[in-house]
Amino acid sequence: MSLHPVIERVTARIAERSGRSRGDYLARIDAARIDTPARRQLSCGNLAHGFAASGGDKPMLKVGAGGNIGIVTAYNDMLSAHQPMEQYPTLIRMAARNAGGSAQVAGGVPAMCDGVTQGRTGMELSLFSRDTIALATAVSLSHEMFDAALMLGVCDKIVPGLLMGALSFGHLPVIFVPAGPMPSGLPNKEKAAVRQRYADGKASRDELLEAESASYHSAGTCTFYGTANSNQMLMEVMGLHMPGSAFVNPNTPLRDALTVAATEQALRITALGDDYRPLGRTVDEKAIVNAMVGLAATGGSTNHALHLVAIARAAGLIIDWDDLDELSQATPLLARVYPNGSADVNHFHAAGGIGHVIRELIDAGLMHADILCVHGGDLRQQTLVPELNGVELRWAPPPTLSRDTSILRGVAEPFDREGGLRRLQGNLGRAVVKISAVAPEHRAIAAPAKVFDSQDAMLDAFKAGALTGDFVAVIRGQGPRANGMPELHKLTPTLSLLQDRGQHVALLTDGRMSGASGKVLAAIHITPEAACGGAIAKLRDGDLIRIDAEAGTMQADVPEAEWHARIAATLDLRGNAHGVGRELFGLMRAQVGSAEQGACSLFANDDAHSDASEH
């Protein structure tokens with residue numbers, strides 16, 4: 001089938017907009033290509049340092065012609081999603097050796113858990129950890145010992161950071177190796193209900209902890225469809241996984257077989273062979289469009305309205321929220337996974353999963369099939385389902401139909417005619433809203449503002465009984481320059497409770513919400529942010545705010561002359577500069593770009609920023 005005209009138009013627009021920066025990027029990675037083992041470029045002293053501790057792989061690294069894989073790992077054993085990766089390097093080294101190559105751990109990157117830091121001061125480091133991970137990835141690969149790389153990571157900022165860093169080495173083939181979701185525990189809706197009861201004072205801390213630990217109960221990714229699992233979807237639709245790798249549970253024979261297969265494939269697609277597939281050629285404008293379409297079709301995380309912009313920029317591509325909005329309006333919603341439904345990602349995978357979504361979207365002309373996938377084929381092969389025949393890994397065709405239409409549907413009968421993410425704009429600036437989890441009757445609001453400078457201030461008002469009637473909670477001073485743009489997910493139970501009581505409520509903020517953004521209307525990522533004099537800083541208690549997610553509008557209903565005459569409030573940000581490591585991130589706060597530029601601190605001196613849409 002031919003491409004949908006919106007897909008074709010947006011792809012062409014991105015390519016044209018990015019012509020200069022993408023051309024420069026491709027020229028750099030082409031110049032970096034080496035058709036002999038990379039380590040042969042090193043001096044004898046350099047090389048001897050590189051293999052000194054390599055044991056049985058030392059002869060191969062010293063004189064052999066086989067490829068050498070650099071492993072960049074985000075392993076730690078506090079983060080449940082990454083704990084299964086502890087033994088991956090040993091397995092990868094063995095698999096590489098058996099395939100005539102070698103593998104070394106090139107470096108480790110930090111991996112913080114937003115679940116642990118949610119609502120805590122450490123959350124102010126969360127978004128900047130993405131840029132830190134990108135930097136650590138670049139340092140890891142800078143030794144010039146490697147002909148390919150494997151990225152071991154799953155969670156929120158880790159996969160975007162790994163990809164951004166790896167794109168600086170876009171001449172290398174790179175495969176992402178996930179660990180998979182934990183088995184299903186307490187259903188997410190039941191957990192959320194206990195959270196609401198706790199917020200209402202009707203559940204004890206012991207009850208809440210029991211519910212949380214029954215939901216987050218073992219090794220593997222959390223099972224709701226937040227940023228971590230959206231990451232896995234993106235790696236599939238961009239062709240950076242072995243097919244069907246995303247949602248295979250950890251510590252299973254199939255999971256290990258997929259890790260071995262990724263290792264063997266990485267050695268096949270280096271510049272040393274005849275099927276060279278460098279990362280910088282895989283991540284092109286078509287792959288980025290696929291990522292935005294996949295995000296919309298599955299109701300994925302709002303955090304990717306930031307991350308995809310930054311990832312694209314790392315590949316020399318310039319995208320903005322208009323692209324995301326236009327693609328989302330053309331893309332039907334095919335999945336209902338919590339918080340957009342009651343199912344978790346294990347149920348989604350059992351119903352047909354990512355393979356079903358990709359096939360449906362390709363057949364409808366909504367995804368580019370002709371991308372340079374790491375597995376050796378195009379995106380149609382990404383739909384294949386991995387399975388074990390004894391000890392042999394093989395791929396089977398995906399199911400023809402969804403196995404559960406309450407979770408997963410086709411393009412002909414979607415859950416909604418358009419995808420889950422929209423762009424808002426008006427006299428308050430520009431913002432992003434996720435509507436896939438919001439009931440139609442809650443997608444628009446006209447209500448007075450209640451203005452707060454922190455999420456704790458809003459929660460204090462709730463405890464004091466001050467959040468009565470309909471209102472829009474304005475939480476300002478939460479943008480990237482103010483305090484690193486923390487997620488405000490701690491507000492979800494309280495706002496959900498008020499909505500369930502019959503109040504019409506919404507959130508408006510220059511901060512983030514969460515990959516688990518739920519049923520309350522939330523206009524987030526507002527740009528310009530308050531710390532940069534954005535219009536959100538002009539708002540006062542009682543101002544009438546109108547938000548219409550379906551119309552894409554966001555407005556302060558204040559007389560125009562009065563609005564223009566108002567002076568933006570000056571925020572006291574001194575408390576954001578110290579404690580829990582924040583003093584070390586002052587440079588990032590000072591250099592970070594706007595939310596629509598990806599809230600990224602790494603491209604501060606790059607004049608390609610001026611090409612990005614900033615409205």
Side-chain angles (χ1 to χ4, degrees), residues 114 117-131 156-157 227 301-303 305-307 424 428-434 449-462 471-492 494-495 505-518 520-541 545 547 554 556 568-580 582 585-586 588-590 592-601:
D114 286 0
T117 58
Q118 197 65 249
R120 308 293 299 173
T121 304
M123 175 54 75
E124 295 182 19
L125 305 186
S126 174
L127 184 57
F128 290 147
S129 78
R130 180 198 65 191
D131 296 1
D156 298 22
K157 263 57 67 184
T227 309
S301 170
T302 53
N303 282 321
L306 308 173
H307 298 326
L424 303 175
L428 290 168
R430 284 162 68 89
V432 170
V433 62
K434 180 176 177 177
K450 291 185 183 292
V451 181
F452 305 96
D453 288 339
S454 71
Q455 58 183 331
D456 287 334
M458 195 207 94
L459 293 175
D460 288 343
F462 170 73
F471 68 93
V472 175
V474 177
I475 317 293
R476 65 190 183 184
Q478 308 301 306
R481 289 218 170 189
N483 63 352
M485 208 176 187
E487 289 184 349
L488 307 177
H489 187 53
K490 187 165 73 169
L491 301 178
T492 298
T494 299
L495 290 171
V505 297
L507 175 69
L508 186 145
T509 182
D510 49 6
R512 295 183 293 135
M513 190 56 178
S514 170
S517 301
V520 175
L521 182 66
I524 60 177
H525 305 175
I526 287 181
T527 184
E529 64 173 289
C532 294
I536 188 175
K538 291 184 176 184
L539 287 171
R540 299 173 182 171
D541 282 339
I545 295 177
I547 303 171
M554 174 182 67
T570 300
L571 306 180
D572 183 359
L573 303 177
R574 290 173 295 177
N576 301 339
H578 302 282
V580 197
R582 289 179 293 174
F585 288 80
M588 287 189 174
R589 286 192 296 273
V592 68
S594 71
E596 194 167 3
Q597 292 174 327
C600 185
S601 62

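Model, not experiment: these values are computed from the prediction.
With hydrogens and angles ignored, the 3.5 Å screen pairs no side-chain donor or acceptor of N303 with any backbone N or O of T227. Formation of a donor-acceptor pair under 3.5 Å by the T509 side chain with backbone atoms of I475 is found in this model.
The CD atom of E529 sits 9.0 Å away from the CG atom of L571 when rounded to the nearest 0.5 Å. With rounding to the nearest 0.5 angstrom, the CG atom of D460 is 7.5 Å from the OG atom of S454. Between the CZ atom of R430 and the CD1 atom of I526 there is a distance of 12.5 Å, given to the nearest 0.5 Å. Between the CG atom of L428 and the CD1 atom of I545 there is a distance of 6.0 Å, given to the nearest 0.5 Å. For the atom pair NE2 (H489) and CD (Q455), the distance works out to 10.5 Å, reported to the nearest 0.5 Å. Note that CZ of F452 is 9.0 Å distant from CG of L459, once rounded to the nearest 0.5 Å.
When the salt bridge (charged side-chain N to carboxylate O under 4.0 Å, His left out) test is applied to R512, the partners found at least two apart in sequence or on another chain are E487. D114 pairs by the side-chain hydrogen bond (donor to acceptor under 3.5 Å, both in side chains) definition with S126, K157, not counting sequence neighbours. D453 is linked by a side-chain hydrogen bond (donor to acceptor under 3.5 Å, both in side chains) to R476, counting only residues two or more places apart in sequence or in another chain. Under the rule for a side-chain hydrogen bond (donor to acceptor under 3.5 Å, both in side chains), R481 has no partner lying at least two apart in sequence or in another chain. Residues passing the side-chain hydrogen bond (donor to acceptor under 3.5 Å, both in side chains) test with R582 are E124, sequence neighbours excluded. Under the salt bridge (charged side-chain N to carboxylate O under 4.0 Å, His left out) criterion, K490 pairs with D456, sequence neighbours left out.
Of all non-hydrogen atoms in M458 and L491, the two that sit nearest each other are CE-CD2, 3.9 Å. Heavy-atom minimum distance, G533 versus A568: O-CB, 4.3 Å. For the pair F128 and G484, the tightest heavy-atom approach, listed with the atom from each and the gap, is CE1-CA, 3.6 Å. Closest non-hydrogen pair, I547 versus V472, comes out as CD1-CG1, 4.4 Å. Nearest heavy-atom pair, A577 versus R589, reported as atom, atom and distance to 0.1 Å: CA-NH2, 3.6 Å. Here the closest non-hydrogen pair linking A530 and D510 is N-OD2, 2.9 Å.
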Check the pair S301, K434 against side-chain contact (heavy atoms from CB on, under 4.5 Å), reporting the backbone distance first and the verdict last. CA-CA 8 Å; S301 170; K434 180 176 177 177; 5.6 Å; no

Let's go through H525 and E596 carefully: what are the C-alpha distance in whole Å and the side-chain angles of both, what is the deciding distance for side-chain contact (heavy atoms from CB on, under 4.5 Å) to 0.1 Å, and is it a yes or a no? CA-CA 8 Å; H525 305 175; E596 194 167 3; over 6 Å; no

Which is it for M485 and L306 under the side-chain contact (heavy atoms from CB on, under 4.5 Å) test, yes or no, and what are the steps along the way? CA-CA 11 Å; M485 208 176 187; L306 308 173; 3.9 Å; yes

Go through the steps for N483 and L573 under the test side-chain contact (heavy atoms from CB on, under 4.5 Å), then give the verdict. CA-CA 8 Å; N483 63 352; L573 303 177; over 6 Å; no

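With a 4.5 Å cut-off on side-chain heavy atoms, V433 and L521 count as touching. Side-chain contact check for L539 versus L508: some heavy-atom pair is nearer than 4.5 Å.
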